[in-house]
Amino acid sequence: NAGVTQTPKFQVLKTGQSMTLQCAQDMNHEYMSWYRQDPGMGLRLIHYSVGAGITDQGEVPNGYNVSRSTTEDFPLRLLSAAPSQTSVYFCASSSPELAGGPDTQYFGPGTRLTVL
Amino acid sequence: LAKTTQPISMDSYEGQEVNITCSHNNIATNDYITWYQQFPSQGPRFIIQGYKTKVTNEVASLFIPADRKSSTLSLPRVSLSDTAVYYCLVGDRVGANNLFFGTGTRLTVIP
């Protein structure tokens, strides 16, 4: 299994440009999430999905859109990039733990985005 | 949602046992305590999870007192490769969206 994959690894955008960060998982996990991590900070939840066709907002959703047409893929779209969106973006997937407790999240390697 | 408080940073020499304590005074009855490890330029990785008392796996131990208002991650005999940021999270089993990462504890292992 490849686990959680993200593309691209690095991206530079100009203010106002749009782009899509790709995320895919091959573990048949129901839940997928997008986080951003700013320098010296923890991770903040942007959007998440509990299954195909179902998405919801996290802590910092403004400026981002998501969709979940398949179990495997969960792309994150930046509609009009701003310098404040310069960050490292992590995608994660997880499945409910049958034994109880929160899901174990599996993270991708991240996409480092710079907006000029 | 329960918030957590951890030390910002810790230093330790190789071979020592390291204990990182996390405070979560507002933990709810259904909440579990989960620890993740993050190396530079990588995504976080699950280390250990527990509800009460003590949990041990091949990587670490997690100690949770009876009142559950704090927890301690114990790393036995750390090596240079354990240098990382360690995050304490508190939440219940409802989806992956209710676990919040704080700033974590940056552990530096010194030769």
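Here is how names work: the chains are called A, B, and so on, in the same order as the sequence lines, proteins then strands, and each is numbered from 1. Please read these numbers as outputs of a predicted model, since none were measured by experiment.
- Interface remark: A:Arg44 contributes no atoms to any contact with chain B (heavy atom separation under 4.5 Å).
- Interface summary for chain A: among B:Gly104, B:Gly43, B:Ser41, the most heavy-atom pairs under 4.5 angstrom belong to B:Gly43.
- Cluster membership check: B:Trp35 does not share its hydrophobic cluster with B:Phe63, using side-chain heavy-atom separations under 4.5 Å among Ile, Leu, Val, Met, Phe, Trp and Tyr.
- For chain B, the nearby part of A:Glu59 is the side chain; its heavy atoms alone come within less than 4.5 Å.
- No single ILVMFWY cluster, assembled from side-chain heavy atoms under 4.5 Å apart, contains both A:Phe10 and A:Leu76.
- Of the possible donor and acceptor atoms, one in the side chain of B:Tyr36 sits under 3.5 Å from a partner among the backbone N and O of A:Gln105.
- By the criterion of side-chain heavy atoms lying less than 4.5 angstrom apart, applied directly or through intervening Ile, Leu, Val, Met, Phe, Trp or Tyr residues, A:Leu79 is not grouped with A:Leu13; the two fall into different hydrophobic clusters.
- With a 4.5 angstrom heavy-atom cutoff, B:Tyr51 does not touch chain A via any of its atoms.
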Quiz prompt | Candidate pair B:Gln38 and A:Phe90, rule side chain to side chain contact (heavy atoms under 4.5 Å, CB included), full reasoning | solution = CA-CA 12 Å; B:Gln38 185 179 26; A:Phe90 290 102; 3.6 Å; yes

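- Rounding to the nearest 0.5 Å gives a distance of 12.0 Å between CD1 of B:Ile47 and OG1 of A:Thr104.
- In the hydrophobic cluster analysis, where Ile, Leu, Val, Met, Phe, Trp and Tyr join through side-chain heavy atoms closer than 4.5 angstrom, B:Val78 is grouped apart from B:Tyr13.
- Within 6.0 Å of the CD1 atom in B:Ile8, the count of heavy atoms belonging to other residues, nucleotides or ligands does not exceed 12.
- Of all heavy-atom pairs between B:Tyr87 and A:Gln37, the closest is OH-NE2, 2.9 Å.
- Linking Ile, Leu, Val, Met, Phe, Trp and Tyr residues whenever their side-chain heavy atoms come within less than 4.5 Å places B:Ile33 and B:Val59 in a single cluster.
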